[in-house]
Amino acid sequence: MPDGKAIELVFPDGSKHSFPEGTTGAAVAASIGKRLAADALAVKLDGEIRDLNRPITRSAAFQVVTPLNRKKELDPDGLYCVRHSAAHVMAEALCRLWPETKLVYGPPVDDGFYYDIDLEHKISTEEFAKIEAEMKKIVAEKRPFTRVEMPRAEGMKKVQAEGNVYKVDNAERAEGDVLSFYVTGEKPGADFEDLCRGPHVPDTGRIGAYKVMSVAGAYWHGDASKQQLQRVYGTAFHTQEQLDKHLALLDEAKKRDHRKIGRELSIYAYDDEVGPGLPLWLPNGGAMIEELERLAKEAEFAGGYQRVKSPHICKEQLYIKSGHLPYYADSMFPPMEFEGVKYYIKPMNCPHHHKIFAAEPRSYRDLPLRLAEYGSCYRYEQSGELFGLMRVRSMQMNDAHIYCTIEQFEQEFLDVCKMYLSHFKVFGIDKFVMRFSTHGKEGLGKKYVNEPELWLKTEAMVRETLRKGDIPTEEVANEAAFYGPKIDVQVWSAIGREFTLATNQVDFAVPKRFNLAYKAADNTDQTPLCIHRAPLGTHERFIGFLIEHFAGNFPLWLAPQQVRVANITDKQEDFGKKVLKALRDAGLRADADFGHGKINAKVLESERLKIPYLLVIGEREAAAGSVAVRGRGRRDLGVLSLERFIEEAEKEVNTRALDTSLKA
RNA sequence: GCCUCCUUAGCUCAAUGGUAGAGCGCCGCUUUUGUAAAGCGGGGGUUGCAGGUUCAAGUCCUGCAGGAGGCUCCA
């Protein structure tokens, strides 16, 4: 017990324990229990994850990091450690296989880890097994991770001597007076080592299961003007079982991919001769669009919006005036020229709507003026960005612009937020984050209009409104629109990608540029504030998201094919046709399978198409005027009279129910 | 836009540099069937496109297009 000085550690249960200064996490864990000591991967001191064998020199809240938490769930901190260490092991494997490898940066990420390397040899998928085999050897050696610290100057000398520009760069960017290195083993200078902040698991043997997943290009520092590195992705878990489960989940996610389901359910298609990013909506997609528009239009009508229509193109002058051209010409399709004038295809609807505002003299009595349009827009997205329906070049936005006074802003803005929330509730979207994006000072005059005071004023107003409305938000700097702060609603698709589904922006700049004005009560001309909003975003992205959200099992109101009629034998075809007509007369999207196949095959086909209700008609039903209802997903809902079924289905549609109201 | 990989029938996938195939779907006939695939037969391809190497190219090489995974971007 050196020096005999004591420190106090507070355990997660709140109990306080005294330990000699310089004790280690391993020693503390051992004092608590054998099992805990054996399971321990690292410790947490006041929330900071640290190596198990690093001396503890101060009093702190103390927690042992283990693979599983108390609820026997995977502990994120434990995964972080094992993946961070796996990244080092993979780096060593890569260096063994290709000694000229220059290591760049290798952090743990959400689903695993990656390591960026600079290597002329292009790593191929076939070589993953080789990399894993090399990792296997290192893991089997159970070499400890040894932390070596040295003063900054000495450390800098060391990395400079190694001659790896990336490591020198990393060292220069590292915080603090001390640089730390991790040796995979006990012999610094001899065993593999890497500049690293830590922490790591005690030894390589603790990396129970790992897999090299993919290789991709990545720019150094994420800067497209810098050279491209190879990024090798991997994942790691404590046990093979956990890894297998993870891989199975990835497979499941693939089945929900909207590109796969979109094709299987004939929702949309691409055609090379039409062009990339230009989806064709098939009738099933068209039906879904109809339903979304109905939902939006109902809410907008109730909210006092008026519908407008504007052309798909306009003169260049409009975008010069709005200020879009200098900021966004790269994202617009190049202009076409006729009669000596350049015309652009519109990438957004706002300038047109501003002109609708300007089309008539406005009084304060006209405000708030809410102009809504399902406007078609075209954006020249980079080819590498296109992604199914989620990122496209032609889109239709659930757009509206609200022109209001500063006094009206708060109410209008909150009403918009409420509309978002009520729409999301309809779809059962409960995992989302509202991101409040503000400007960055550096971007003024470049990325953002150069109105520093108006920026601060508007942002403060939005922040205050969000607070008053009790709307949970996450604030992110330097992500605003060029004309004002915005609120993005982020959601996560089943593929794990993050998307902005809806967006809502406050524009203090462009109305002024358009000289938009209303006559105030005191007879002065005032510039209105403009709120841009799109709660359902674009049809393309929203439907892409919904496909994955529901895995194609849409609620009845949204399902492109709602009901299918199937007969047992062709003796019931006449009654089947009557049923089909009755369903269609009731406004239901219904079709029929009167083929000569067996009912089993018809059931399978109906399930494959994820049709919510299959009405089976046999001799008994035909005689009684009833239908045997089968709900999607092997659910027998019994025999109902045709009238009763239609009544129930209509109710389910009209309430936009998420679940079926029919029970067996 | 950048990096890597991929592209064979509508879909999922086979085919040592040596005569392009299967399953499902589609069409026809038979079957008249009660809740997850009845039987038989048929049609379907300039192997993404354009060049090149070769006696011979789906297979090797080059370019282009489209797609995938990333990076960058995203009003």
> Does the separation of the ring centres of A:His221 and A:Tyr105 fall below 6.0 angstrom?
Replying inline: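 No, they do not, as the ring centres are separated by 6.0 Å or more.
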> So, for A:His401 and A:Phe357, is the gap between ring centers shorter than 6.0 Å?
Replying inline: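 So the answer is no for these two rings.
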Below 4.0 angstrom, N of the basic side chain to O of the carboxylate: do [X] and [Y] qualify?
X        : Y        : answer
A:Glu252 : A:Arg256 : no
A:Arg370 : A:Glu300 : no
A:Lys226 : A:Asp223 : yes
A:Glu385 : A:Arg393 : no
A:Arg259 : A:Glu264 : no

Which part of the nucleic acid, if any, lies within contact of [X], taking any heavy atom under 4.0 Å across all strands shown: a base, the sugar-phosphate backbone alone, or nothing?
X        : answer
A:Tyr114 : nothing
A:Lys122 : sugar-phosphate
A:Asp272 : sugar-phosphate
A:His596 : base
A:Ile568 : base
A:Ala628 : base
A:Glu619 : base
A:Lys486 : sugar-phosphate
A:Gly618 : base
A:Ala216 : base
A:Glu621 : base
A:Tyr270 : nothing
A:Pro347 : base

Please report the distance, rounded to the nearest Å, between [atom1] in [X] and [atom2] in [N].
X        : N     : atom1 : atom2 : value
A:Tyr380 : B:C74 : OH    : P     : 16 Å
A:Leu265 : B:C11 : CG    : P     : 15 Å
A:Arg634 : B:A37 : CZ    : C1'   : 12 Å
A:Asp593 : B:G25 : CG    : C1'   : 14 Å
A:Glu381 : B:G67 : CD    : P     : 14 Å
A:Gln227 : B:G70 : CD    : C1'   : 17 Å
A:Lys602 : B:G25 : NZ    : P     : 14 Å
A:Leu386 : B:C73 : CG    : P     : 17 Å

> Taking the side chain from A:Arg83 and the backbone from A:Ala236, do they hold a donor-acceptor pair closer than 3.5 Å?
Replying inline: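 Yes.
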Would you say the side chain of [X] and the base of [N] hold a donor-acceptor pair, judged only by whether the two atoms sit under 3.5 Å apart?
X        : N     : answer
A:Arg630 : B:A36 : yes
A:Asp570 : B:U32 : yes
A:Tyr219 : B:G70 : no
A:Arg391 : B:C73 : yes
A:Glu385 : B:C71 : yes

Base-pairing assignment for [N] (Watson-Crick or G-U wobble, both under 3.5 Å):
N     : result
B:U7  : B:A65
B:C74 : none
B:C60 : B:G52
B:U47 : none
B:A38 : B:U30

Is the phosphate of [N] approached by [X] (side-chain N or O, under 4.0 Å from OP1 or OP2)?
X        : N     : answer
A:Arg259 : B:A68 : yes
A:Ser383 : B:G1  : yes
A:Arg263 : B:U12 : yes

>> Would you measure the distance from the C1' atom in B:G45 across to the matching atom in B:U32 and give it in whole Å?
In response: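 It comes out at 37 Å once rounded to the nearest Å.
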> How far, in whole Å, is B:A20 from B:U8 if one measures between their C1' atoms?
Replying inline: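 Rounded to whole Å, the distance is 8 Å.
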